[in-house]
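Here's the structure we're looking at; comments come further down.
Each ligand, and each atom within it, is numbered from 1 in the order the structure gives.
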Amino acid sequence: MKNLAILCSGFGSNLQAIINSVKKGKLKANIALVLSDKVDSYALVRAKKAGLLFVFASPDAFPDRESYDKYLVKKLKVSKIDYVLLAGFMRIVSPYFIDNFKNKIINIHPSLLPAFKGTKGIVDALNYGVKVTGVSVHFVNEQLDGGPIILQESIKVKDDDTAETLSVRVHKLEHKLYPQALKLLVAGNLTIKNRKVLIKTEK
Ligand code: GRF
């Protein structure tokens with residue numbers, strides 16, 4: 001079974017969706033480590049409740065991003081992590097980190113990439129006035145929110161949507177799409193060809 005590490009900074013609702021999927025036996029993988037860069041992240045509470053190994057790693061204890069990332073990589077290697085899942089991890093991972101887990105880092109983003117990259121995907125889409133937005137699960141590379149896309153699904157934006165109402169639908173979709181993408185990943189059904197992710201469908 002593949003060992004997953006889940007990196008979070010905040011509420012951890014995607015972490016919870018992944019935990020639930022593993023518990024139900026839908027996602028056959030082992031959540032070997034939950035790591036947060038924020039001491040008060042609710043994700044840590046969720047990990048504790050689920051009986052998972054969790055750790056708070058403070059970036060303040062390190063002089064720069066690279067030394068923090070070196071520490072993270074060391075921790076992940078000790079836990080024999082196969083895949084690193086970013087789930088609301090509010091940091092840009094360094095090239096050093098990416099090189100150590102090449103095509104093994106996955107992220108979820110609350111827009112239809114390449115539109116509305118960055119930390120405000122939902123609000124930016126709403127303010128732009130798009131009629132359709134959505135969710136993307138993608139591999140992480142050196143470009144911000146720019147790696148090969150694994151799965152995407154769309155959501156219609158309503159005229160009376162606010163950031164709150166739209167967020168509810170985006171998050172609901174995220175909680176479905178992330179475990180779905182991970183299922184394909186751990187089953188070895190994803191191949192990256194240039195920018196494209198080819199999905200092997202089960203017969
Ligand atoms: C999600 O919207 C995700 O797409 C983005 O950060 C948010 C994390 O939410 N990268 P949560 O902590 O999983 O609830």
Derivation and outcome, side chain to side chain donor-acceptor pair (under 3.5 Å), residues Ser94 and Glu66: CA-CA 6 Å; Ser94 62; Glu66 176 124 346; 4.7 Å; no
Gly12-ligand 1 polar pair, N/O distance under 3.5 Å: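 Indeed, backbone or side chain, Gly12 has an N or O that close.
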Sub-3.5 Å N/O-N/O distance, Ile108 and ligand 1: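 By distance alone, the answer is yes.
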Cation over ring face, Lys70 and Tyr96, 6.0 Å, 45°: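 Flagged: Lys70 positioned over aromatic ring of Tyr96.
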For [atom], what is the nearest protein heavy atom, given as residue, atom name and distance?
| atom | result |
| --- | --- |
| atom 14 (O) of ligand 1 | Ser13 OG, 2.5 Å |
| atom 8 (C) of ligand 1 | Gly88 CA, 3.5 Å |
| atom 3 (C) of ligand 1 | Glu174 OE2, 3.3 Å |
| atom 9 (O) of ligand 1 | Asn14 ND2, 3.8 Å |

Between Ser136 and His138, a side-chain donor and acceptor under 3.5 Å: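 No, no side-chain donor-acceptor contact under 3.5 Å.
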Residue-ligand contact Pro110/ligand 1, heavy atom below 4.0 Å: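 Heavy atoms of Pro110 do come under 4.0 Å of ligand 1.
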Sub-4.0 Å heavy-atom approach of His171 to ligand 1: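 So His171 counts as touching ligand 1.
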Whether Phe97 and Phe101 hold their rings parallel, tilted or perpendicular, with breakpoints at 30° and 60°: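 Tilted.
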N-O pairing of Asp161 and Arg169 below 4.0 Å: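 Yes.
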Side chain Arg65, main chain Pro59, donor-acceptor under 3.5 Å: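 A pair under 3.5 Å: no.
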